[in-house]
Student: 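I have a structure here, written as structure tokens, and I will follow up with some questions on it.
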Protein chains: 2
Amino acid sequence: MSVLADIEPVNRESTAGIIARQLRDAIMNGSLPPGTQLGETDLAARFQVSRGPLREAMQRLVSEGLLRSERHRGLFVIDLEPGDVYDIYSARSAIERAAAIRIMRGGDRDRVAAMLDDAVHAMAEADQQDDPAALTEADLRFHEELIEASGSRRLTRMARTLLIETRMCLSALQETYRKSYQGADERVAEHNQIIDAIRQDDEETVLALLEAHMEDAVQRLAPGTSLTSGAAPGLPVGGVDIA
Amino acid sequence: MSVLADIEPVNRESTAGIIARQLRDAIMNGSLPPGTQLGETDLAARFQVSRGPLREAMQRLVSEGLLRSERHRGLFVIDLEPGDVYDIYSARSAIERAAAIRIMRGGDRDRVAAMLDDAVHAMAEADQQDDPAALTEADLRFHEELIEASGSRRLTRMARTLLIETRMCLSALQETYRKSYQGADERVAEHNQIIDAIRQDDEETVLALLEAHMEDAVQRLAPGTSLTSGAAPGLPVGGVDIA
DNA sequence: GGTCGTATGATTGTCAACAATCCGAGGACG
DNA sequence: CGTCCTCGGATTGTTGACAATCATACGACC
């Protein structure tokens with residue numbers, strides 16, 4: 001870990017990449033609510049770039065599923081339908097489960113646990129200061145770090161989109177979220193249990209806790225839906241989705 | 001299922017989407033081997049479009065992880081490193097597990113089993129005709145349909161990239177693959193077992209078979225590596241990957 | 001002889017203008 | 001009165017040209 005450890009990427013990020021990241025952030029924090037049309041001229045002026053790089057960045061988000069493109073109509077931020085919360089959390093459950101497995105079977109568990117501790121401490125701190133936004137942010141940071149700690153490039157890439165969509169769910173259903181989930185203590189406790197199980201090298205418990213954590217979240221956000229038993233409402237019971 | 005069932009998408013796909021799909025196919029079937037530089041002028045002439053839409057399409061593949069971009073240097077097809085086969089199959093295992101769970105808990109299992117039967121029949125037919133390429137294609141079609149049958153947009157999108165990378169692995173390690181895995185009968189049998197377990201509503205067995213299937217594939221493609229017990233060689237044991 | 005500076009060639013990154021398409025309002029017609 | 005057609009405005013899709021950057025090869029210098 002010398003001072004010259006991370007000077008290799010002299011090549012700065014591509015412009016499209018920078019804009020794509022900014023757009024992701026804007027979608028994530030609600031600056032671009034679901035359904036918003038992204039006018040190219042406006043955005044290009046806002047970013048102080050031409051329409052070329054901007055379009056390239058937007059195409060990235062299209063392939064990530066954060067934008068939907070209607071030909072000759074424009075690009076829109078996706079709006080989450082009722083079944084999407086189930087879809088998102090079911091996918092997240094799969095990703096985080098795989099990440100946890102990799103950590104438990106080949107990672108430096110203590111180091112990971114320490115990093116996750118930081119996130120949970122931030123959660124507790126946000127709770128004390130009664131800052132629900134910071135609490136949610138720290139919550140997501142916990143899961144993001146869990147996945148990054150797996151060392152899997154693909155899990156990390158896939159999770160990036162899912163965590164953005166998670167935040168979209170949370171801000172879309174903010175009122176429901178607040179009302180039905182008052183206890184931040186439980187939230188902190190749930191995450192601490194996961195960390196403990198990681199430290200104790202108890203893979204089975206880690207996976208069970210993660211699954212329960214996801215199940216809890218789904219039932220809070222979409223009451224009546226369940227990851228573990230049965231399909232989500234609105235899911236086509238008799239066949240495959242069209243898209 | 002009327003005759004007018006699927007006439008809704010009058011809007012044809014965006015040009016960038018078409019080119020992106022063509023590029024994906026080219027990468028998948030080996031027309032663009034790993035490490036190839038994608039010259040914009042050449043490709044634009046080949047596709048008979050300008051560089052604009054082409055660049056947009058390539059940015060999509062960058063965000064999907066199929067291309068890597070070096071600023072002012074060009075875009076290159078990713079080349080799979082030794083640890084990638086572990087990464088790919090670990091991610092695939094997670095995705096297909098989640099898809100199977102969704103099918104077992106809320107899908108039309110018989111319908112799914114029938115569709116998967118078609119793929120396996122194609123595998124057997126390819127085996128009889130001694131056509132290993134067709135056999136691999138049918139094999140991947142099996143997994144693709146399994147995931148699509150889950151009805152999850154996100155699982156499907158994430159799997160698309162993974163299946164392309166899987167095919168890249170197979171063609172890159174074709175010699176190894178051939179040598180160490182002569183029995184196509186086993187391959188067909190393994191898939192049939194999965195279908196049977198789906199029909200019998202035996203979720204536990206389905207998941208176990210899928211996991212074993214992935215484990216087998218990893219050990220064939222990267223001997224000495226294992227999904228279930230321990231990390232892959234070349235995986236950073238002490239920390240997180242750089243990228 | 002080895003190393004460094006420089007010119008060249010090609011490629012990527014960016015931009016502004018042109019063409020195609022679509023939505024909405026307004027009016028004509030049955 | 002309802003429907004259809006038409007036109008205007010705006011937006012996206014596409015193009016070709018210009019600017020910036022980098023790799024390579026060659027020659028000068030130590």
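The sequence lines fix the lettering, A, B, ..., with proteins before strands; numbering per chain opens at 1.
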Student: Between the protein and nucleotides 13-20 of chain D, are there any N/O to N/O pairs under 3.5 Å, and if so, what are the atom names and distances?
Tutor:
residue	atom	partner	partner atom	Å
D:dG13	OP2	A:Arg55	NH1	2.7
D:dG13	OP2	A:Arg55	NH2	3.4
D:dG13	N7	A:Arg51	NH2	2.8
D:dG13	O6	A:Arg51	NH1	3.2
D:dT14	OP1	B:Thr15	OG1	2.3
D:dT15	OP2	B:Ser50	N	2.6

Student: In chain order, what residues pass the side-chain hydrogen bond (donor to acceptor under 3.5 Å, both in side chains) check against B:Glu145, with sequence neighbours excluded?
Tutor: B:Arg141

Student: Starting at atom CD of B:Gln37, determine the distance to atom P of D:dC22, rounded to an integer number of angstrom.
Tutor: 15 Å

Student: Taking salt bridge (charged side-chain N to carboxylate O under 4.0 Å, His left out) as the cut-off, I'd like each qualifying pair that reaches into residues 24-37 of chain B, sequence neighbours left out, listed once.
Tutor: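 Those involving residues 24-37 of chain B are B:Arg24-B:Glu64.
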
Student: Going by side-chain hydrogen bond (donor to acceptor under 3.5 Å, both in side chains), name the residues that satisfy it together with B:Glu165, two or more places apart in sequence or in a different chain.
Tutor: A:Arg154

Student: Over all strands shown, is B:Leu54 touching base, sugar-phosphate only, or nothing at heavy-atom distances under 4.0 angstrom?
Tutor: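 It contacts nothing in the nucleic acid.
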
Student: Identify, with sequence neighbours excluded, every residue that meets side-chain hydrogen bond (donor to acceptor under 3.5 Å, both in side chains) alongside B:Glu56.
Tutor: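 Once residues adjacent in sequence are excluded, the partners of B:Glu56 under the side-chain hydrogen bond (donor to acceptor under 3.5 Å, both in side chains) criterion are A:Arg55.
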
Student: My understanding is that only residues two or more places apart in sequence, or in another chain, count here; which of them pass side chain to side chain contact (heavy atoms under 4.5 Å, CB included) with A:Thr41?
Tutor: none

